[in-house]
Amino acid sequence: SSTMSFSEAEVQSARGAWEKMYVDAEDNGTAVLVRMFTEHPDTKSYFTHFAGMDTAEEMKQSAQVRGHGKKVFTAINDMVQHLDNTEAFLGIVNPLGKKHATQLKIDPKNFKIICDIILQLMEEKFGGDCKASFEKVTNEICTQLNNAYKEAGW
């Protein structure tokens, strides 16, 4: 179902956890992408302008990688602000899912990959509790993105 069930406490702790990551949105967003491209090189194929970058260092320095990292984090931040409002949350997720499905043709399994890397980074930087309080959010994001894909006929 598309109705989300976050308790008030879950919303607050998820926001607290995310806040720590979002303070350095560009650096952390970049770190997530660099790790994804390095550990899952096939994901790089979707970004034609990243194709020539082979080293993590080159990627870290790239204005385009940094820009996209920040974009990803900004989108998640918008979602996190609406965990207590399913309609507003889906208002962000659905167009994003649709665009990635129809225009960008990104395999939806990549959302799970990027969410897992975000959780890994949270745990490394801020510990297991931080990660645990955000896990339900990443699951929800992936579930709703997958629904948007289904609706787009993926």
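The analysis underlying the following values was restricted to heavy atoms, covering all of them including side chains, and did not include hydrogens, waters or symmetry mates. If you read the sequence from its start, that first residue is 1, and numbering goes on from there.
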- Item | Residue pairs involving residues 115-124 (criterion salt bridge (Lys or Arg N to Asp or Glu O under 4.0 Å); sequence neighbours excluded) | R35-E124, K112-D116, E123-K131
Quiz: residues 66-76 side-chain donor-acceptor pairs under 3.5 angstrom, not counting sequence neighbours:
unit_1, atom_1, unit_2, atom_2, d
R66, NE, E26, OE2, 2.8
R66, NH1, K60, O, 3.3
R66, NH2, E26, OE2, 3.4
R66, NH2, D27, OD1, 2.4
T74, OG1, K70, O, 2.7

- Task: Please name all residues satisfying side-chain contact (heavy atoms from CB on, under 4.5 Å) with K150, sequence neighbours left out, ordered by chain then number.
- Result: N147
- Sorted by chain and number, sequence neighbours left out, side-chain contact (heavy atoms from CB on, under 4.5 Å) with S13 holds for S133
- Contacts of N94 that satisfy side-chain hydrogen bond (donor to acceptor under 3.5 Å, both in side chains) - sequence neighbours left out: none
- Scan for ring-ring contact (aromatic ring centres under 6.0 Å, His included) pairs involving residues 75-101, sequence neighbours excluded, and state none if there are none. H100-F111
- Any residue meeting side-chain hydrogen bond (donor to acceptor under 3.5 Å, both in side chains) with E135, in chain and number order, not counting sequence neighbours: none
- Residues passing the side-chain hydrogen bond (donor to acceptor under 3.5 Å, both in side chains) test with Q81, sequence neighbours excluded, are N77
- Item | Contacts of A101 that satisfy side-chain contact (heavy atoms from CB on, under 4.5 Å) - sequence neighbours left out | Y149, A152, W154
- Note on the structure: Those residues at least two apart in sequence (or on a different chain) that pass side-chain hydrogen bond (donor to acceptor under 3.5 Å, both in side chains) with E87 are none
- Query: Excluding sequence neighbours, so at least two apart, what forms salt bridge (charged side-chain N to carboxylate O under 4.0 Å, His left out) with D84?
  - Reply: R15
Side-chain donor-acceptor pairs under 3.5 Å in residues 47-57, sequence neighbours left out?
unit_1, atom_1, unit_2, atom_2, d
T55, OG1, E58, N, 3.0
T55, OG1, E58, OE1, 3.3
E57, OE2, Q61, NE2, 2.8

